[in-house]
Number of protein chains: 2
Amino acid sequence: METIEKHLEKKGIRVTAMRLLIYKFLAEKKSAVTLSDIENAFDKVDRTTLYRTVKTFESKGVVHQINDGSTGTKYALCETNCKCELETDLHLHFHCNNCEETVCLTDHKIPQIKVPDGFIAENANLVVKGICNKCS
Amino acid sequence: METIEKHLEKKGIRVTAMRLLIYKFLAEKKSAVTLSDIENAFDKVDRTTLYRTVKTFESKGVVHQINDGSTGTKYALCETNCKCELETDLHLHFHCNNCEETVCLTDHKIPQIKVPDGFIAENANLVVKGICNKCS
DNA sequence: AAGTCCAATGCACTATTGTTGCACGTATAT
DNA sequence: ATATACGTGCAACAATAGTGCATTGGACTT
(Lines give C-alpha, C1' and ligand atoms only; values in the text may rest on other atoms or scores of the structure.)
Protein backbone atom coordinates (compact mmCIF):
# COMPACT_ATOMS: atom_id res chain seq x y z
CA MET A 1 0.00 0.00 0.00
CA GLU A 2 1.70 3.13 -1.18
CA THR A 3 0.84 6.55 0.09
CA ILE A 4 -1.47 8.87 -1.76
CA GLU A 5 1.43 11.26 -2.15
CA LYS A 6 3.49 8.68 -4.01
CA HIS A 7 0.53 7.74 -6.12
CA LEU A 8 -0.12 11.31 -7.25
CA GLU A 9 3.52 12.00 -7.90
CA LYS A 10 3.80 8.90 -10.01
CA LYS A 11 1.00 10.23 -12.16
CA GLY A 12 2.81 13.51 -12.56
CA ILE A 13 0.65 15.53 -10.21
CA ARG A 14 2.16 17.92 -7.75
CA VAL A 15 0.96 17.20 -4.25
CA THR A 16 -0.81 19.94 -2.34
CA ALA A 17 -2.98 19.95 0.77
CA MET A 18 -6.08 20.65 -1.33
CA ARG A 19 -5.41 17.81 -3.68
CA LEU A 20 -4.88 15.36 -0.88
CA LEU A 21 -8.17 16.36 0.69
CA ILE A 22 -10.04 15.99 -2.55
CA TYR A 23 -8.38 12.69 -3.27
CA LYS A 24 -9.26 11.37 0.16
CA PHE A 25 -12.85 12.45 -0.25
CA LEU A 26 -13.09 10.58 -3.52
CA ALA A 27 -11.44 7.55 -1.99
CA GLU A 28 -13.95 7.40 0.85
CA LYS A 29 -16.95 7.60 -1.40
CA LYS A 30 -18.04 4.36 -2.90
CA SER A 31 -20.07 6.08 -5.58
CA ALA A 32 -19.28 8.60 -8.27
CA VAL A 33 -19.70 12.22 -7.25
CA THR A 34 -20.41 15.53 -8.90
CA LEU A 35 -18.37 18.67 -8.37
CA SER A 36 -21.21 19.96 -6.22
CA ASP A 37 -20.96 16.91 -4.01
CA ILE A 38 -17.34 17.73 -3.32
CA GLU A 39 -18.14 21.39 -2.89
CA ASN A 40 -20.75 20.60 -0.25
CA ALA A 41 -18.36 18.33 1.59
CA PHE A 42 -15.87 21.09 2.28
CA ASP A 43 -17.69 24.37 2.10
CA LYS A 44 -14.68 26.60 2.27
CA VAL A 45 -13.20 25.42 -1.00
CA ASP A 46 -13.66 27.40 -4.17
CA ARG A 47 -15.59 25.80 -7.02
CA THR A 48 -12.90 26.74 -9.49
CA THR A 49 -10.21 24.94 -7.56
CA LEU A 50 -12.38 21.85 -7.47
CA TYR A 51 -13.11 22.13 -11.14
CA ARG A 52 -9.48 22.44 -12.09
CA THR A 53 -8.26 19.89 -9.61
CA VAL A 54 -10.65 17.28 -10.92
CA LYS A 55 -9.74 18.18 -14.51
CA THR A 56 -6.11 17.69 -13.62
CA PHE A 57 -6.85 14.38 -11.96
CA GLU A 58 -8.79 13.34 -15.02
CA SER A 59 -6.13 14.27 -17.54
CA LYS A 60 -3.51 12.43 -15.50
CA GLY A 61 -5.62 9.31 -15.21
CA VAL A 62 -6.42 9.53 -11.51
CA VAL A 63 -10.18 9.85 -11.92
CA HIS A 64 -12.54 9.07 -14.74
CA GLN A 65 -15.66 10.80 -15.85
CA ILE A 66 -19.08 9.19 -15.92
CA ASN A 67 -22.27 10.49 -17.44
CA ASP A 68 -25.26 8.76 -16.03
CA GLY A 69 -28.56 10.20 -17.17
CA SER A 70 -28.64 12.87 -14.48
CA THR A 71 -27.60 16.42 -15.16
CA GLY A 72 -23.97 17.05 -14.50
CA THR A 73 -20.85 15.01 -14.85
CA LYS A 74 -19.74 12.62 -12.18
CA TYR A 75 -16.26 11.48 -11.29
CA ALA A 76 -14.83 8.45 -9.61
CA LEU A 77 -11.34 7.37 -8.69
CA CYS A 78 -9.69 5.01 -11.09
CA GLU A 79 -8.64 1.70 -9.64
CA THR A 80 -4.98 1.52 -8.71
CA ASN A 81 -4.33 -0.65 -11.70
CA CYS A 82 -6.95 1.00 -13.87
CA LYS A 83 -6.12 1.96 -17.41
CA CYS A 84 -9.10 4.20 -18.04
CA GLU A 85 -7.48 5.81 -20.98
CA LEU A 86 -7.16 2.49 -22.78
CA GLU A 87 -9.86 0.80 -24.76
CA THR A 88 -9.13 -2.34 -22.83
CA ASP A 89 -10.53 -0.91 -19.63
CA LEU A 90 -14.15 -0.44 -20.61
CA HIS A 91 -15.71 -1.16 -17.31
CA LEU A 92 -19.36 -0.75 -16.60
CA HIS A 93 -21.13 1.69 -14.32
CA PHE A 94 -24.45 1.25 -12.66
CA HIS A 95 -26.83 4.10 -11.99
CA CYS A 96 -29.67 3.47 -9.59
CA ASN A 97 -32.91 5.09 -10.67
CA ASN A 98 -34.08 5.01 -7.09
CA CYS A 99 -31.24 6.33 -4.91
CA GLU A 100 -29.54 8.10 -7.82
CA GLU A 101 -26.15 6.74 -6.90
CA THR A 102 -23.71 5.66 -9.56
CA VAL A 103 -21.10 3.05 -8.84
CA CYS A 104 -18.30 1.48 -10.81
CA LEU A 105 -18.66 -2.20 -11.52
CA THR A 106 -14.98 -2.64 -12.07
CA ASP A 107 -15.13 -6.38 -12.12
CA HIS A 108 -17.78 -6.44 -14.81
CA LYS A 109 -15.89 -5.53 -17.89
CA ILE A 110 -17.33 -5.67 -21.35
CA PRO A 111 -15.33 -8.36 -23.12
CA GLN A 112 -15.14 -6.67 -26.47
CA ILE A 113 -17.12 -4.01 -28.21
CA LYS A 114 -17.28 -4.20 -31.94
CA VAL A 115 -17.70 -0.99 -33.86
CA PRO A 116 -18.35 -0.75 -37.61
CA ASP A 117 -15.52 -0.47 -40.11
CA GLY A 118 -14.02 2.98 -40.24
CA PHE A 119 -14.77 3.70 -36.61
CA ILE A 120 -11.92 3.71 -34.11
CA ALA A 121 -12.84 3.17 -30.47
CA GLU A 122 -10.73 5.00 -27.93
CA ASN A 123 -12.68 4.90 -24.72
CA ALA A 124 -16.24 4.67 -23.54
CA ASN A 125 -18.99 5.74 -21.19
CA LEU A 126 -21.01 2.69 -20.28
CA VAL A 127 -23.82 3.16 -17.80
CA VAL A 128 -26.51 0.64 -17.06
CA LYS A 129 -29.50 2.02 -15.21
CA GLY A 130 -31.92 0.27 -12.96
CA ILE A 131 -32.24 -0.61 -9.30
CA CYS A 132 -29.15 -1.24 -7.24
CA ASN A 133 -28.62 -3.92 -4.64
CA LYS A 134 -29.34 -1.56 -1.74
CA CYS A 135 -32.70 -0.48 -3.19
CA SER A 136 -34.00 -3.74 -4.59
CA MET B 1 -44.88 3.67 -44.01
CA GLU B 2 -47.25 5.31 -41.62
CA THR B 3 -47.52 9.02 -41.19
CA ILE B 4 -45.79 10.85 -38.39
CA GLU B 5 -49.19 11.84 -37.09
CA LYS B 6 -50.26 8.24 -36.69
CA HIS B 7 -46.97 7.37 -35.10
CA LEU B 8 -47.26 10.09 -32.46
CA GLU B 9 -50.88 9.30 -31.75
CA LYS B 10 -50.08 5.67 -31.28
CA LYS B 11 -47.58 6.67 -28.62
CA GLY B 12 -50.20 8.72 -26.87
CA ILE B 13 -48.92 12.12 -27.95
CA ARG B 14 -51.27 14.79 -29.17
CA VAL B 15 -50.25 16.07 -32.55
CA THR B 16 -49.48 19.75 -32.93
CA ALA B 17 -47.70 21.78 -35.60
CA MET B 18 -44.74 22.35 -33.27
CA ARG B 19 -44.37 18.71 -32.46
CA LEU B 20 -44.45 17.73 -36.10
CA LEU B 21 -41.73 20.25 -36.89
CA ILE B 22 -39.55 19.07 -34.06
CA TYR B 23 -40.14 15.44 -34.99
CA LYS B 24 -39.23 16.10 -38.61
CA PHE B 25 -36.08 17.91 -37.58
CA LEU B 26 -35.01 14.94 -35.50
CA ALA B 27 -35.85 12.57 -38.32
CA GLU B 28 -33.68 14.46 -40.79
CA LYS B 29 -30.65 14.51 -38.53
CA LYS B 30 -28.56 11.42 -38.61
CA SER B 31 -26.88 12.29 -35.34
CA ALA B 32 -28.11 12.97 -31.85
CA VAL B 33 -28.85 16.62 -31.10
CA THR B 34 -28.97 18.88 -28.09
CA LEU B 35 -31.84 21.18 -27.25
CA SER B 36 -29.70 24.07 -28.43
CA ASP B 37 -29.29 22.41 -31.81
CA ILE B 38 -33.04 22.34 -32.22
CA GLU B 39 -33.36 25.85 -30.90
CA ASN B 40 -30.90 27.13 -33.48
CA ALA B 41 -32.69 25.32 -36.27
CA PHE B 42 -35.93 27.24 -35.78
CA ASP B 43 -35.11 30.45 -34.01
CA LYS B 44 -38.66 31.54 -33.36
CA VAL B 45 -39.41 28.65 -31.03
CA ASP B 46 -39.29 29.08 -27.31
CA ARG B 47 -36.75 27.02 -25.41
CA THR B 48 -39.32 25.92 -22.89
CA THR B 49 -41.54 24.44 -25.55
CA LEU B 50 -38.58 22.54 -26.91
CA TYR B 51 -37.59 21.39 -23.48
CA ARG B 52 -41.04 20.13 -22.65
CA THR B 53 -41.71 18.69 -26.07
CA VAL B 54 -38.58 16.63 -25.96
CA LYS B 55 -39.33 15.52 -22.42
CA THR B 56 -42.77 14.43 -23.59
CA PHE B 57 -41.27 12.57 -26.53
CA GLU B 58 -38.85 10.90 -24.20
CA SER B 59 -41.40 9.79 -21.65
CA LYS B 60 -43.57 8.37 -24.42
CA GLY B 61 -40.72 6.48 -26.00
CA VAL B 62 -40.35 8.53 -29.16
CA VAL B 63 -36.82 9.74 -28.49
CA HIS B 64 -34.09 8.49 -26.23
CA GLN B 65 -31.50 10.37 -24.27
CA ILE B 66 -27.77 10.00 -24.79
CA ASN B 67 -24.98 11.36 -22.67
CA ASP B 68 -21.74 11.41 -24.55
CA GLY B 69 -18.93 13.07 -22.68
CA SER B 70 -19.84 16.57 -23.85
CA THR B 71 -21.80 18.91 -21.67
CA GLY B 72 -25.48 18.67 -22.14
CA THR B 73 -27.87 15.91 -22.98
CA LYS B 74 -28.48 14.77 -26.50
CA TYR B 75 -31.55 13.18 -27.99
CA ALA B 76 -32.19 10.95 -30.94
CA LEU B 77 -35.31 9.41 -32.43
CA CYS B 78 -35.96 5.87 -31.45
CA GLU B 79 -36.14 3.47 -34.33
CA THR B 80 -39.65 2.68 -35.49
CA ASN B 81 -39.39 -0.69 -33.88
CA CYS B 82 -37.21 0.49 -31.02
CA LYS B 83 -37.97 -0.60 -27.50
CA CYS B 84 -35.72 1.87 -25.74
CA GLU B 85 -37.48 1.36 -22.49
CA LEU B 86 -36.69 -2.32 -22.49
CA GLU B 87 -33.49 -3.88 -21.36
CA THR B 88 -33.41 -5.82 -24.59
CA ASP B 89 -32.72 -2.75 -26.67
CA LEU B 90 -29.36 -1.73 -25.32
CA HIS B 91 -27.92 -0.37 -28.48
CA LEU B 92 -24.62 1.37 -28.71
CA HIS B 93 -23.82 4.99 -29.52
CA PHE B 94 -20.66 6.34 -30.99
CA HIS B 95 -19.29 9.76 -30.15
CA CYS B 96 -16.59 11.15 -32.41
CA ASN B 97 -13.89 13.00 -30.49
CA ASN B 98 -13.04 14.89 -33.67
CA CYS B 99 -16.31 16.13 -35.18
CA GLU B 100 -18.21 15.80 -31.88
CA GLU B 101 -21.13 14.05 -33.53
CA THR B 102 -22.90 11.24 -31.79
CA VAL B 103 -24.71 8.59 -33.78
CA CYS B 104 -26.76 5.54 -32.91
CA LEU B 105 -25.28 2.23 -33.92
CA THR B 106 -28.61 0.51 -33.86
CA ASP B 107 -27.36 -2.60 -35.53
CA HIS B 108 -24.56 -3.08 -33.01
CA LYS B 109 -26.35 -4.28 -29.98
CA ILE B 110 -24.65 -5.52 -26.89
CA PRO B 111 -25.54 -9.20 -26.69
CA GLN B 112 -26.11 -9.30 -22.98
CA ILE B 113 -24.90 -7.29 -20.05
CA LYS B 114 -24.48 -9.08 -16.80
CA VAL B 115 -24.90 -7.11 -13.63
CA PRO B 116 -24.11 -8.40 -10.15
CA ASP B 117 -26.73 -10.12 -8.02
CA GLY B 118 -29.17 -7.71 -6.48
CA PHE B 119 -28.90 -5.24 -9.32
CA ILE B 120 -31.77 -4.95 -11.77
CA ALA B 121 -30.97 -3.49 -15.17
CA GLU B 122 -33.70 -1.45 -16.78
CA ASN B 123 -32.01 0.51 -19.52
CA ALA B 124 -28.63 1.91 -20.38
CA ASN B 125 -26.50 4.68 -21.77
CA LEU B 126 -23.74 3.12 -23.78
CA VAL B 127 -21.40 5.47 -25.58
CA VAL B 128 -18.15 4.47 -27.22
CA LYS B 129 -15.85 7.37 -28.04
CA GLY B 130 -13.22 7.61 -30.71
CA ILE B 131 -12.95 8.61 -34.33
CA CYS B 132 -15.89 8.09 -36.64
CA ASN B 133 -15.82 6.82 -40.21
CA LYS B 134 -16.05 10.32 -41.67
CA CYS B 135 -13.07 11.60 -39.69
CA SER B 136 -10.75 8.62 -39.83
C1' DA C 1 -72.42 27.93 -32.65
C1' DA C 2 -71.11 28.97 -28.34
C1' DG C 3 -69.02 27.71 -24.20
C1' DT C 4 -66.11 24.79 -21.33
C1' DC C 5 -62.10 22.38 -20.40
C1' DC C 6 -57.55 21.03 -20.63
C1' DA C 7 -53.26 20.58 -22.84
C1' DA C 8 -49.71 23.22 -25.39
C1' DT C 9 -47.23 27.32 -25.90
C1' DG C 10 -44.68 31.40 -24.68
C1' DC C 11 -42.71 34.65 -21.36
C1' DA C 12 -40.15 35.76 -17.42
C1' DC C 13 -37.44 34.36 -14.17
C1' DT C 14 -34.36 31.37 -11.19
C1' DA C 15 -31.03 27.71 -10.43
C1' DT C 16 -27.23 24.90 -11.48
C1' DT C 17 -23.25 23.64 -13.94
C1' DG C 18 -19.38 24.64 -16.73
C1' DT C 19 -15.62 27.89 -17.92
C1' DT C 20 -12.26 31.79 -18.27
C1' DG C 21 -9.21 35.77 -16.83
C1' DC C 22 -6.66 37.84 -13.55
C1' DA C 23 -4.30 38.62 -9.22
C1' DC C 24 -1.89 36.75 -5.67
C1' DG C 25 0.61 33.39 -3.09
C1' DT C 26 3.55 29.36 -2.82
C1' DA C 27 6.60 26.07 -4.37
C1' DT C 28 10.54 24.91 -7.78
C1' DA C 29 14.56 25.43 -10.38
C1' DT C 30 18.68 28.05 -11.72
C1' DA D 1 17.77 35.04 -3.95
C1' DT D 2 15.61 35.63 -7.77
C1' DA D 3 13.04 34.34 -11.64
C1' DT D 4 9.66 31.27 -13.09
C1' DA D 5 6.02 28.24 -13.14
C1' DC D 6 2.13 26.40 -10.95
C1' DG D 7 -1.91 26.36 -7.54
C1' DT D 8 -5.59 28.83 -5.45
C1' DG D 9 -9.27 32.13 -4.90
C1' DC D 10 -12.22 35.87 -6.56
C1' DA D 11 -15.20 37.66 -9.87
C1' DA D 12 -17.52 37.36 -13.72
C1' DC D 13 -19.69 35.12 -17.59
C1' DA D 14 -21.86 31.45 -20.47
C1' DA D 15 -24.57 27.61 -21.21
C1' DT D 16 -27.86 24.40 -19.64
C1' DA D 17 -31.72 23.02 -16.85
C1' DG D 18 -36.00 23.83 -14.74
C1' DT D 19 -40.41 26.30 -12.72
C1' DG D 20 -44.65 29.31 -12.39
C1' DC D 21 -48.03 31.69 -14.56
C1' DA D 22 -50.76 33.81 -18.09
C1' DT D 23 -52.47 33.02 -22.65
C1' DT D 24 -53.70 30.46 -26.68
C1' DG D 25 -55.98 27.11 -29.16
C1' DG D 26 -57.84 22.77 -30.17
C1' DA D 27 -61.30 19.10 -28.78
C1' DC D 28 -65.47 18.03 -26.87
C1' DT D 29 -70.15 18.95 -25.05
C1' DT D 30 -74.48 20.81 -25.22
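Throughout, protein chains are lettered first and strands after them, A, B, ... in sequence-line order, and every chain is numbered starting at 1. Just the heavy atoms: all of them, side chains too, but no hydrogens, waters or symmetry mates, feed the values below. This one's a predicted model, so the numbers in the text were calculated from it and none came from an experiment.
Separating the CD atom in B:Q65 from the NE2 atom in B:H93 is a distance of 10.5 Å, to the nearest 0.5 Å.
Put simply, A:K55 has a side-chain N or O that comes within less than 4.0 Å of OP1 or OP2 on C:dT19. Applying the 4.0 Å criterion to OP1 and OP2 of C:dG10, one finds that B:T48 has every side-chain N and O outside that range. Contact annotation: A:T16 reaches the phosphate of D:dT8 (side-chain N/O to OP1 or OP2, under 4.0 Å). In this structure, B:R19 reaches the C:dT9 phosphate: one of its side-chain N or O atoms is under 4.0 Å from OP1 or OP2.
Residue B:T56 places no side-chain atom within donor-acceptor reach of the base of C:dA8, judged by atom type and a 3.5 Å distance cut-off alone. Side-chain N/O atoms of A:R52 and base N/O atoms of C:dG18 include no donor-acceptor pair closer than 3.5 Å. Taking 3.5 Å as the limit, the base of D:dG26 and the side chain of B:R14 contain no donor-acceptor pair of atoms between them.
Across the protein-nucleic acid pair, A:K44 atom NZ and D:dT8 atom C1' stand 14 Å apart, rounded to whole Å. A:L50 places its CG atom 15 Å from the C1' atom of D:dC10, with the value rounded to the nearest Å.
Among B:V33, B:N67, B:T34, B:D68, the single residue meeting the side chain to side chain contact (heavy atoms under 4.5 Å, CB included) criterion with B:T102 is B:D68.
Residues A:D46 and B:T73 both approach DNA chain D. Their nearest nucleotides, taken by heavy-atom distance, put A:D46 toward the 5′ side.
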